Engineer: 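Would you mind keeping the following structure in view while I ask a few things?
Values below: all heavy atoms of this structure, side chains included; hydrogens, waters and symmetry mates excluded. Given the structure is predicted, the values throughout are model-derived calculations rather than measurements.
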Amino acid sequence: MIDSKAFIEKYYPNANAQRENDVERFLSYVDALLKEDNPSTRLLDKEFLCRTFFLQSTNSISRQHYQKIKEYLLNLFDWFGVLGTVPTREEVMDSQQTSCYFRDLDSILNLIDEIGASLMAGYNPNADLATVKAIVVLGWHGLSPREIAVLKKNELISDDNTRYLLEHNGEMIAIEDSAYTALKALRYLDSYRGLPSGKVRVFKGDESFLFRPTTSCPRVEENHIILAISRFNSLIPKERNVAIIFRNLRKNALFVKIYQDKSNRTLLEKICSIMGCSENSAFNYREQYYKWVNSIYTNKI
């Protein structure tokens with residue numbers, strides 16, 4: 001456990017209250033990451049150091065934020081007598097990118113349930129956080145926030161009560177298993193419990209829409225779709241080093257398809273075909289794909 005009071009007295013004796021609080025938050029976060037590990041060893045681990053920069057809501061690191069955490073880390077090296085090296089901003093951003101991709105869709109849905117169960121008494125995985133789950137499911141299958149906001153319930157066609165068929169860009173998409181359960185739950189809900197308060201909020205507006213507001217507006221706005229994900233991310237403990245980034249969902253889904261493609265085609269051919277891109281773009285995606293493959297075996301997310 002880092003003695004935050006002594007740390008601040010040594011390195012920030014003239015700091016104002018805001019600065020002291022920020023340093024205390026950083027040290028508390030590092031403590032949570034360290035757990036029972038030896039700081040002298042962990043502070044030499046580049047992956048560990050990158051995690052100390054983690055921003056759940058943006059998946060990017062501003063130069064100002066980078067310089068601030070770099071200063072904290074240099075003082076932390078001195079505090080523990082470690083000859084550590086602060087990772088570059090580029091290395092930090094690369095590490096954050098892989099923290100926002102997942103093994104598969106079920107991994108994201110399981111994460112949502114884990115966080116819900118940890119914060120809400122009597123959490124019901126079949127009803128609670130149905131809105132967040134449904135947004136993730138639809139984003140994973142390629143719908144934009146605008147398309148999600150205006151989606152009508154009757155656009156989801158039940159097929160023998162085992163899956164939904166959804167027409168998107170002229171193609172029928174089959175949504176099965178746990179993803180189907182998430183959409184089905186939202187379709188029939190009249191209210192939901194807010195997280196973490198558990199307060200019941202009633203859906204209002206036009207009942208024909210899948211996503212309905214809790215105000216008198218007929219439907220939710222496009223920005224509310226992203227806001228729902230951001231609010232959920234803010235509830236994830238920072239030491240989990242994971243966040244759901246809407247714009248990554250579809251690419252993540254396509255990476256899964258590429259990984260599951262066991263044909264004899266080259267990787268570039270698979271990328272071009274599955275992602276529908278040119279060969280030049282495929283070279284860029286290939287680097288991102290390799291990082292994703294590496295992350296699912298190291299981060300286990």
Side-chain angles (χ1 to χ4, degrees), residues 56-57 105-106 108-169 172-236 243-250 253:
Q56 291 177 313
S57 60
L105 179 55
D106 279 343
I108 312 179
L109 299 178
N110 290 337
L111 170 69
I112 294 171
D113 280 335
E114 287 175 23
I115 300 304
S118 70
L119 295 176
M120 183 187 294
Y123 176 77
N124 180 0
N126 294 319
D128 296 324
L129 291 176
T131 296
V132 175
K133 287 184 179 180
I135 291 171
V136 166
V137 167
L138 295 169
W140 184 269
H141 285 90
L143 275 72
S144 69
R146 182 183 179 281
E147 291 170 326
I148 293 173
V150 300
L151 186 65
K152 295 290 187 72
K153 293 178 181 178
N154 62 11
E155 293 182 76
L156 294 171
I157 306 170
S158 182
D159 175 24
D160 297 329
N161 211 33
T162 59
R163 65 179 182 176
Y164 276 130
L165 295 175
L166 172 66
E167 184 176 357
H168 181 243
N169 291 335
M172 295 301 292
I173 301 172
I175 300 175
E176 304 178 16
D177 303 327
S178 53
Y180 166 82
T181 302
L183 291 181
K184 184 178 180 180
L186 183 60
R187 182 172 187 172
Y188 294 106
L189 282 178
D190 294 318
S191 62
Y192 74 98
R193 294 195 299 162
L195 189 72
S197 68
K199 181 179 179 181
V200 176
R201 302 179 185 276
V202 178
F203 289 127
K204 300 178 182 178
D206 189 335
E207 292 190 6
S208 67
F209 288 105
L210 182 62
F211 292 84
R212 297 163 57 199
T214 55
T215 65
S216 58
C217 298
R219 65 172 179 84
V220 299
E221 297 296 329
E222 177 181 344
N223 65 307
H224 291 168
I225 301 301
I226 299 300
L227 185 58
I229 299 297
S230 298
R231 285 174 175 167
F232 176 80
N233 283 336
S234 70
L235 298 172
I236 303 175
I244 300 170
I245 307 300
F246 184 89
R247 66 178 178 274
N248 290 350
L249 291 173
R250 184 55 182 163

Engineer: Hey, could you give me each pair passing salt bridge (charged side-chain N to carboxylate O under 4.0 Å, His left out) that has a residue in residues 135-146? Not counting sequence neighbours.
Structural biologist: none
Engineer: Identify, with sequence neighbours excluded, every residue that meets side-chain contact (heavy atoms from CB on, under 4.5 Å) alongside Ala253.
Structural biologist: Trp140, Arg250
Engineer: Filter on salt bridge (charged side-chain N to carboxylate O under 4.0 Å, His left out), then keep only pairs touching residues 193-212, sequence neighbours left out; what's left?
Structural biologist: Asp128-Arg193
Engineer: Checking Asp106 now: which residues fulfil side-chain hydrogen bond (donor to acceptor under 3.5 Å, both in side chains) with it, not counting sequence neighbours?
Structural biologist: Ser178
Engineer: Between Leu166 and Glu155, what is the shortest heavy-atom contact and its length?
Structural biologist: CD1-O, 3.6 Å
Engineer: Can you name the ring pair (Phe, Tyr, Trp, His ring centres under 6.0 Å) partners of Tyr192, sequence neighbours left out?
Structural biologist: Phe203
Engineer: State which residues pass ring pair (Phe, Tyr, Trp, His ring centres under 6.0 Å) with Phe209; sequence neighbours excluded, sorted by chain then number.
Structural biologist: none
Engineer: Taking only residues two or more places apart in sequence, or in another chain, which ones meet Phe246 in a ring pair (Phe, Tyr, Trp, His ring centres under 6.0 Å)?
Structural biologist: none
Engineer: Please enumerate all residues that pass side-chain contact (heavy atoms from CB on, under 4.5 Å) together with Ala174, with sequence neighbours excluded.
Structural biologist: Arg163, Leu165, Glu176
Engineer: How would you list, by chain and number, every residue that makes a salt bridge (charged side-chain N to carboxylate O under 4.0 Å, His left out) with Asp177, sequence neighbours excluded?
Structural biologist: none
Engineer: What residues, two or more places apart in sequence or in another chain, satisfy salt bridge (charged side-chain N to carboxylate O under 4.0 Å, His left out) together with Glu221?
Structural biologist: none
Engineer: May I have all residue pairs that pass ring pair (Phe, Tyr, Trp, His ring centres under 6.0 Å) and include part of residues 147-166, sequence neighbours excluded?
Structural biologist: Tyr164-Tyr180
Engineer: Taking all atoms of both residues into account, what is the closest heavy-atom pair of Ser191 and Val202, and its distance?
Structural biologist: CB-CA, 3.9 Å
Engineer: Run the salt bridge (charged side-chain N to carboxylate O under 4.0 Å, His left out) test against Glu167 and tell me which residues pass, sequence neighbours left out.
Structural biologist: none
